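Every value quoted in this text rests on a predicted model; they were computed, and no experiment measured them.
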Amino acid sequence: TSLRAARATLTNGRRNAVLEGSVRIISGDDTLTADRVTYDASTKQAIATGSVRIGAEGGILFAPRATYNSRDKRATFEGGGRILQDGAELLAPSGTYETERRFAELDGPLSLRDSVTTLTAARGTYDARSRRADMVGSVRLVREMDRLDADSLVYFRRTERARAFGQVVLDRPGTDADSLRRGLLFGSRLVYDGQAETASMTADGGPALAALLERDSTGTVDTTLVRA
């Protein structure tokens with residue numbers, strides 16, 4: 001482990017250090033930078049504050065405060081964190097990020113955004129190796145014009161597929177050329193394929209419900225309900 005800073009104060013037989021000013025700690029592939037760090041050489045733990053940045057190319061955590069251990073490559077952050085990982089941006093008030101596993105566990109309200117999808121939830125995890133997000137609590141997935149709400153959801157970024165559970169609602173407005181039409185699906189389990197633009201809904205204890213809303217030129221809305 002390599003430590004650099006503008007100023008350093010050593011204590012406890014030089015095992016502890018308070019580093020201030022352009023702090024940089026390098027441990028393997030990881031680099032930590034911050035305004036101030038308290039470092040314990042015996043436990044390899046760094047408590048960092050002020051413009052904290054932890055990680056390596058491909059996965060970086062930004063936060064105002066974080067605790068990082070170079071032995072297990074694990075950072076715990078608070079005060080609002082931002083993780084950039086393989087083309088996705090994750091935002092959460094607090095959580096943990098394992099730089100070697102490229103795994104985040106987040107306490108929300110959180111969001112995950114990439115070039116095609118926005119995913120929000122109360123809490124969740126993201127595994128960058130499999131590009132899998134597991135979200136729980138008031139989950140919402142927005143992709144292009146589709147909006148999917150559920151109690152819990154598993155989303156695979158690589159294939160843009162999702163499995164949703166609980167109280168599930170898929171809202172699919174009409175296209176620009178067909179903006180007077182809107183389709184809704186209600187149920188308890190949904191398999192969603194964003195690339196193929198398909199969805200399969202089932203319901204516990206009864207049929208799923210599909211609703212088609214059509215608005216005419218006078219503004220009158222005609223509703224068609226189908227149970228299947």
Side-chain angles (χ1 to χ4, degrees), residues 30-34 46-69 72-172 187-195 199:
D30 285 351
T31 298
L32 181 155
T33 60
I47 301 174
T49 57
S51 302
V52 180
R53 181 185 187 275
I54 302 171
E57 184 177 354
I60 301 173
L61 164 67
F62 301 88
R65 300 182 299 278
T67 299
Y68 171 75
N69 191 291
D72 57 16
K73 304 293 184 180
R74 179 185 177 94
T76 301
F77 66 91
E78 58 183 10
R82 176 173 176 248
I83 298 172
L84 299 181
Q85 183 77 72
D86 296 327
E89 178 189 58
L90 294 95
L91 302 173
S94 61
T96 61
Y97 180 58
E98 299 179 42
T99 59
E100 192 167 70
R101 289 181 60 204
R102 300 167 70 190
F103 183 84
E105 184 171 357
L106 307 171
D107 293 320
L110 66 90
S111 67
L112 185 157
R113 293 183 174 88
D114 60 22
S115 59
V116 296
T117 302
T118 298
L119 185 59
T120 58
R123 62 187 183 279
T125 63
Y126 179 67
D127 186 340
R129 290 180 175 177
S130 61
R131 296 195 178 185
R132 168 176 170 158
D134 288 73
M135 301 295 175
V136 178
S138 302
V139 183
R140 173 167 289 181
L141 184 152
V142 178
R143 183 189 182 277
E144 296 181 350
M145 299 187 72
D146 288 348
R147 188 180 74 190
L148 170 58
D149 293 312
D151 294 334
S152 64
L153 180 142
V154 181
Y155 179 66
F156 299 90
R157 286 185 58 225
R158 186 173 283 110
T159 60
E160 298 178 32
R161 294 179 178 176
R163 297 196 302 268
F165 308 91
Q167 294 184 349
V168 183
V169 180
L170 175 62
D171 185 349
R172 175 168 286 177
S188 57
R189 294 185 303 277
L190 177 75
V191 177
Y192 174 83
D193 189 327
Q195 293 181 357

Criterion salt bridge (charged side-chain N to carboxylate O under 4.0 Å, His left out) on R161 and D193, from CA distance to verdict | CA-CA 4 Å; R161 294 179 178 176; D193 189 327; 3.1 Å; yes
Candidate pair F156 and R163, rule side chain to side chain contact (heavy atoms under 4.5 Å, CB included), full reasoning = CA-CA 9 Å; F156 299 90; R163 297 196 302 268; 3.7 Å; yes
Quick one: do S51 and R53 satisfy side chain to side chain donor-acceptor pair (under 3.5 Å)? Show the steps, please.
-> CA-CA 7 Å; S51 302; R53 181 185 187 275; over 6 Å; no
Going through the checks in order, is the side chain to side chain contact (heavy atoms under 4.5 Å, CB included) test met by L119 and V139?
-> CA-CA 7 Å; L119 185 59; V139 183; 3.9 Å; yes
Which is it for Y126 and Q85 under the side chain to side chain contact (heavy atoms under 4.5 Å, CB included) test, yes or no, and what are the steps along the way?
-> CA-CA 10 Å; Y126 179 67; Q85 183 77 72; 4.1 Å; yes
Report the C-alpha distance between E98 and K73 in whole Å, list the side-chain angles of each, state the deciding distance to 0.1 Å, and finish with yes or no for salt bridge (charged side-chain N to carboxylate O under 4.0 Å, His left out).
-> CA-CA 6 Å; E98 299 179 42; K73 304 293 184 180; over 6 Å; no
What do the steps show when you test R102 against D86 for salt bridge (charged side-chain N to carboxylate O under 4.0 Å, His left out), and what is the final call?
-> CA-CA 10 Å; R102 300 167 70 190; D86 296 327; 2.2 Å; yes
Verdict with supporting geometry, D146 and Y192, side chain to side chain contact (heavy atoms under 4.5 Å, CB included) | CA-CA 10 Å; D146 288 348; Y192 174 83; 2.8 Å; yes
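With a 4.5 Å cut-off on side-chain heavy atoms, L148 and V169 do not count as touching. Residues L190 and L170 are in side-chain contact: their nearest non-hydrogen atoms beyond the backbone lie under 4.5 Å apart. R113 is listed as a side-chain neighbour of L91, based on a closest heavy-atom distance under 4.5 Å. Side-chain contact check for T125 versus L106: every heavy-atom pair is 4.5 Å or farther apart. Looking at V116 and D114, their side chains come closer than 4.5 Å, going by heavy atoms from C-beta outward. The closest side-chain heavy-atom distance from Y68 to D30 is below 4.5 Å. At a threshold of 4.5 Å between non-hydrogen side-chain atoms, the residues L110 and T120 do not count as touching. At a threshold of 4.5 Å between non-hydrogen side-chain atoms, the residues L61 and F77 count as touching.
For the atom pair I60 CD1 and L84 CG, the distance stands at 6.5 Å (nearest 0.5 Å). M135 contributes atom CE, which lies 9.5 Å from atom CG of L141 (distance to the nearest 0.5 angstrom). With values rounded to the nearest 0.5 angstrom, S188 atom OG is found 10.0 Å from Q167 atom CD. Of the inter-residue distances, the one linking R123 atom CZ with E105 atom CD reads 10.0 Å to the nearest 0.5 angstrom.
More than 12 non-hydrogen atoms from other residues, nucleotides or ligands lie less than 6.0 angstrom from CD of E89.
Here the closest heavy-atom approach between residue I54 and residue A75 is recorded as CD1-CB, 3.9 Å. The two residues A164 and A150 make their nearest non-hydrogen contact at CB-CB, 3.7 Å. Residues P64 and G80 share a closest heavy-atom pair of CD-O, 3.0 Å.
Judged purely by atom type and a 3.5 angstrom limit, D171 has no side-chain atom pairing as donor or acceptor with the backbone of R147.
The closest side-chain donor-acceptor pair between S138 and R140, if any, does not fall under 3.5 angstrom. In this structure, a donor-acceptor pair under 3.5 Å is present between the side chains of T117 and Y155.
The side-chain tip of R82 points at the ring of F62 from less than 6.0 angstrom away and within 45° of straight on.
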